[in-house]
Amino acid sequence: MKQLRAARELALPDWCVAAGFVRNRVWDHLHGIVPPRAPVDIDVIYYDATDLSRERERDYEAALDCLLPGLPWQVRNQARMHVWKNLPQHKDTADSMIYWLESVTGIGVRLEADDRLTVVAPLGTDDLLNLRCRPTEFGRTKLHEYEERISTKRWRELWPKVQFLD
């Protein structure tokens with residue numbers, strides 16, 4: 001929750017803490033790993049088509065580091081992520097997630113002003129909660145990258161209960 005509270009302080013448009021941070025926390029919980037493993041990174045994503053600069057993302061990372069020092073913050077504006085994937089510009093944060101490689105990564109959580117949690121999951125949460133990992137429709141066009149991620153990040157070793165599909 002402390003990471004969500006810190007991210008909320010930035011008041012980013014259409015934001016959430018997402019990707020590996022959420023996936024790994026859920027899988028650690030479902031595998032009985034207590035406390036959860038330290039995060040490799042804390043993915044804060046947002047959507048702002050008015051400022052596509054990488055410098056702004058670094059400013060946000062620095063602000064988060066002031067709020068919770070020493071954590072591996074990674075802030076990315078989803079309004080610019082389409083460029084390196086050679087895709088049309090995404091419509092919003094949720095739209096960008098459908099172009100991620102695997103179903104279990106396209107999930108985010110936002111802490112609202114009234115402390116309610118909003119889950120952003122354009123592909124649903126069933127795979128994540130049922131310990132299944134499969135490529136997204138976009139990921140199916142890049143199966144070698146999907147398999148490489150699973151292998152290099154050692155997901156099969158870290159979470160042996162997960163069923164990996166292709």
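Hydrogens, waters and symmetry mates are skipped; everything else that's a heavy atom, side chains included, is used. Keep in mind the model is a prediction, meaning the values are calculated, not measured.
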(request) Could you tell me which non-hydrogen atom of A79 sits nearest to which non-hydrogen atom of Q89, and how far apart they are? (result) O-NE2, 2.9 Å
(request) Output the distance between atom CG (L71) and atom CD1 (I42), rounded to the nearest 0.5 Å. (result) 4.5 Å
(message) Assess whether a salt bridge exists between R56 and D59, defined as any Lys/Arg side-chain N lying under 4.0 Å from an Asp/Glu carboxylate O.
(response) yes
(message) Working to the nearest 0.5 angstrom, can you tell me the gap between W100 CH2 and M81 CE?
(response) 10.0 Å
(message) Please evaluate residues E9 and K2 with respect to the criterion salt bridge (charged side-chain N to carboxylate O under 4.0 Å, His left out), reporting the C-alpha separation (whole Å), side-chain torsions for both, the decisive distance (0.1 Å), and the verdict.
(response) CA-CA 11 Å; E9 289 294 315; K2 63 185 177 186; over 6 Å; no
(message) Is the shortest side-chain heavy-atom distance between Y99 and T136 below 4.5 Å?
(response) no
(request) Would you check, one step at a time, whether the test side-chain contact (heavy atoms from CB on, under 4.5 Å) holds for I98 with H90? (result) CA-CA 10 Å; I98 67 172; H90 305 308; over 6 Å; no
(request) Mind listing the closest non-hydrogen atom pair of P39 and P72 along with its distance? (result) O-CG, 3.5 Å
(request) Kindly say whether L158 contributes a backbone atom to a donor-acceptor pair with the side chain of R37 at under 3.5 angstrom? (result) yes
(request) Please determine if E61 and R76 form a salt bridge, counting it only when a charged side-chain N lies under 4.0 Å from a carboxylate O. (result) yes
(message) Within the 4.5 Å heavy-atom criterion, are L12 and D48 side-chain neighbours or not?
(response) no
(message) Measuring only between side-chain heavy atoms, which start at C-beta, is L30 closer than 4.5 Å to W159?
(response) no
(message) Nearest 0.5 Å, please: how far is CZ in R110 from CG in L117?
(response) 10.5 Å
(message) Just so I know, are the side chains of F138 and L87 near enough to count as touching, which here means a heavy-atom distance under 4.5 Å?
(response) yes
(message) Nearest 0.5 angstrom please: E145 CD to R149 CZ, how far?
(response) 9.5 Å
(request) State plainly whether the residues E55 and R58 are in salt-bridge range, i.e. N to O under 4.0 Å. (result) yes
(message) I'd like to know if W155 and I33 are part of one continuous hydrophobic network [Ile/Leu/Val/Met/Phe/Trp/Tyr, side-chain heavy atoms within less than 4.5 Å].
(response) yes
(message) Using only atom types and a distance under 3.5 Å, with no angle test, would you say the side chain of D114 pairs donor to acceptor with the backbone of R116?
(response) yes
(message) Side-chain heavy atoms nearer than 4.5 Å, only ILVMFWY residues, links allowed to pass through others: does that put W73 and M1 together?
(response) yes
(message) Rounded at 0.5 Å granularity, tell me how far CG in D43 sits from CZ in F21.
(response) 9.0 Å
(message) Contact between R8 and W15 at the side-chain level, heavy atoms closer than 4.5 Å - yes or no?
(response) yes
(message) Taking side-chain contact (heavy atoms from CB on, under 4.5 Å) as the criterion, tell me which of V109, I45, V119 meets it with C16.
(response) I45
(message) Within the structure provided, determine whether W27 and V104 are in side-chain contact (heavy-atom separation under 4.5 Å).
(response) yes
(request) Using atom types as modelled and distance alone, determine if a side-chain donor or acceptor of E57 lies under 3.5 Å from a backbone N or O of N77. (result) yes
(request) Evaluate whether atom CD of E137 has more than 12 neighbouring non-hydrogen atoms of other residues, nucleotides or ligands under 6.0 angstrom away. (result) no
(request) Taking all heavy atoms of M97 and all of G106, pick out the closest pair and write down the distance. (result) SD-O, 3.9 Å
(message) Contact between Q3 and L64 at the side-chain level, heavy atoms closer than 4.5 Å - yes or no?
(response) no
(request) Apply the test side chain to side chain donor-acceptor pair (under 3.5 Å) to residues R23 and T105: give CA-CA distance (whole Å), side-chain angles for both, the deciding distance (0.1 Å), then the verdict. (result) CA-CA 6 Å; R23 179 198 60 235; T105 303; 2.8 Å; yes
(message) Using side-chain heavy atoms (C-beta onward) and a distance below 4.5 Å, is S96 in contact with H82?
(response) no
(request) Is it possible for you to say whether Y47 and L123 belong to one hydrophobic cluster, with membership spreading through side-chain heavy-atom contacts below 4.5 Å? (result) no
(message) Testing the basics here: between L143 and P135, what is the closest heavy-atom pair and its distance to 0.1 Å?
(response) CD2-CG, 3.8 Å
(message) Looking at every heavy atom in both P160 and H31, which two are closest together, and how far apart are they?
(response) N-NE2, 3.4 Å
(request) Measure the CG-OG1 distance between L101 and T141 for me, rounded to the nearest 0.5 Å. (result) 8.0 Å
(message) Quick check against the 3.5 Å criterion: does S151 have a side-chain atom that pairs as donor or acceptor with the backbone of E147?
(response) no
(message) Quick check: is L131 connected to V26 through a chain of hydrophobic side chains (ILVMFWY, heavy atoms under 4.5 Å apart)?
(response) yes
(message) Do L4 and V120 land in one hydrophobic cluster if side-chain heavy atoms of ILVMFWY residues count as linked below 4.5 Å?
(response) no
(request) Looking only at non-hydrogen atoms, find the nearest pair between P13 and Y46 and report the distance. (result) O-CB, 3.2 Å
